[in-house]
Amino acid sequence: LFMFSHVEPYAGDPILGLMDKHKQDPRADKVNLGVGVYFDNDGKLPVLNCVQKAEAQIANPPKPRPYLPMDGLPGYRAACQNLLFGKDAQVLKDKRVATTATIGGSGALKVGADFIHAWFPQAKCYVSDPTWANHIGIFEGSGFAVGKYPYYDAATNGIKFDELIAFLNTLQAHDVVLLHPCCHNPTGVDLTQAQWDKVLEVVKAKNLLAFMDIAYQGFGEDMDADVYAIRKAVDMGLLFFVSNSFSKNLSLYGERVGGLSVVCKDEAQAKAVQGQLQFNIRRIYSSPPSHGGHVVDIVMNDEALFNEWVQEVYVMRDRIKDMRQKLRDSLEAKLPGRSFEYITKQNGMFSYTGLTPEQVARIIKDFGIYMVANGRISVAGLNASNIDYVANAMAEVLKD
Ligand code: LMR
């Protein structure tokens, strides 16, 4: 009877919890700018054409569903590698990269964090201040002490770059530094290429373990520019981790399609790491789901479907950019003398609005506009029908 009486209630997730609250809100003009999910101009979650074509191939004729290998389909793993490192990259020809499919980007972080904690038990983990809340949750869940490195500068809507470099220089060898190669979550503020070069120099000099988490490839500048930091790290001879996700860029959120790659010194090392990743996966969930795995494999390894996919990602990217511009223009018109340039300078799905937790609480209560308490909005939730309503509400809470 008293078995579970000591179990404490869960406060809920700061991001995923917003989906339920938005769903339960009866107001017709409610808006969901919470979770990082791309909606089209009609407010609908798209099913990409390339995905529909791949699914038609899978369905016809119906295919059996055996267990996939622990680390996923070979074509899936190759797809992750080609996108991240470049199809003709020497590091791939040298077979120096261990790659596994994972249950979304979160699964990649978990498998990677467990691996690092097992083999580098002294290492601490450092995340940007601020970061995606689940980075902290996942690494703490794997047994890490998690600290923060200086990043966002609210005064300039930019980066505390000198402080960041000075901080990295204080870390110990093998400490994990979690980096966002593009479309920083939650701020949308990315390092320039020159800044990346400097950060990676410190990572190399101090022998830190970089863990690059990329969930938005293609939503920043383009497929190649968005992985600048990853390819630069390879060129510099670094050995490091990359977690990637197809949730957003294939609009396959619920299929849980992610990947984890580890750049190793040579093929023998990569084989050992690959085996240990399989061992970890077997102990957590055995093997990845098959439907999404096959969709990714088909789209990424067929030239026509791949090209169609890239264009579909750019349509999503450009619509978000258009919404940024419209939101900025509208706020500047409503609040003369104030600059909202930061909205158009930020990259990817998110804008860090600077709204305080109190202002966020008010915009949710008075207007039914859902956003994360730290002031992050998902710009991809804006569309032609709700943008005026959102701009009015933001101007209203910002004006006092
Ligand atoms: C987000 O930051 O909103 C997305 O990455 C979705 C999530 O799992 O939180």
Side-chain angles (χ1 to χ4, degrees), residues 10-23 31-40 43 45-46 102-113 127-142 146 148 151-152 178-190 211-220 226 242-260 285 288-289 292 313 316-317 320 323-324 346-353 355 357 360 363-364 369-382 390:
Y10 172 46
D13 184 78
I15 298 175
L16 299 184
L18 290 169
M19 293 199 297
D20 288 337
K21 290 186 183 134
H22 172 263
K23 209 180 204 165
V31 181
N32 183 7
L33 306 180
V35 67
V37 168
Y38 178 89
F39 296 102
D40 64 18
L45 196 66
T102 57
I103 300 197
S106 296
L109 287 157
K110 172 66 182 163
V111 171
V127 298
S128 60
D129 183 15
T131 194
W132 182 53
N134 213 24
H135 281 149
I136 300 169
I138 289 172
F139 274 84
E140 284 184 348
S142 290
V146 179
K148 289 184 176 161
Y151 191 77
Y152 182 68
L178 204 137
L179 299 161
H180 307 216
C182 72
C183 307
H184 184 267
N185 183 1
T187 67
V189 181
D190 290 329
F211 199 128
M212 308 232 198
D213 182 27
I214 178 159
Y216 299 90
Q217 187 174 356
F219 283 89
D226 288 356
V242 186
S243 48
N244 74 292
S245 170
F246 297 109
S247 295
K248 335 274 176 178
N249 57 19
L250 269 163
S251 192
L252 283 179
Y253 304 86
E255 298 294 348
R256 312 312 295 131
V257 272
L260 178 67
Y285 59 83
V313 176
M316 297 193 275
R317 174 200 65 190
I320 295 172
M323 286 298 119
R324 287 184 181 281
Q346 294 162 346
N347 293 315
M349 234 179 235
F350 302 119
S351 178
Y352 212 47
T353 61
L355 261 65
V360 171
I363 210 166
I364 293 175
I369 298 173
Y370 288 80
M371 59 181 70
V372 184
N374 62 14
R376 186 195 85 171
I377 61 170
S378 171
V379 182
L382 295 172
V390 171

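Indexing begins at 1, ligand by ligand and atom by atom, following the structure's order.
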Problem - Close side-chain approach of Phe211 to Ser243, heavy-atom, < 4.5 Å - result: yes
Handout entry: Ile363 side chain near Met371 side chain, heavy-atom distance below 4.5 Å
Key = yes
Problem - Value rounded to 0.5 Å, distance of OG1 in Thr102 from NZ in Lys110 - result: 13.0 Å
Problem - Non-hydrogen side-chain atoms of Asn374 and Tyr352 separated by less than 4.5 Å - result: yes
Practice task
State the CD1-OG distance between Ile15 and Ser378, to the nearest 0.5 angstrom.
Solution key: 10.5 Å
Problem - Note, Gln346 side chain near Cys183 side chain (heavy atom, < 4.5 Å) - result: no
Please tabulate, one line per pair, the protein N or O atoms found under 3.5 Å from any N or O atom of ligand 1, giving the distance to one decimal.
| from | atom 1 | to | atom 2 | distance (Å) |
| --- | --- | --- | --- | --- |
| ligand 1 | 2 (O) | Trp132 | NE1 | 3.1 |
| ligand 1 | 2 (O) | Asn185 | ND2 | 3.0 |
| ligand 1 | 2 (O) | Arg376 | NH1 | 2.9 |
| ligand 1 | 3 (O) | Gly36 | N | 2.7 |
| ligand 1 | 3 (O) | Arg376 | NH2 | 2.8 |
| ligand 1 | 5 (O) | Lys248 | NZ | 3.1 |
| ligand 1 | 9 (O) | Trp132 | NE1 | 2.9 |

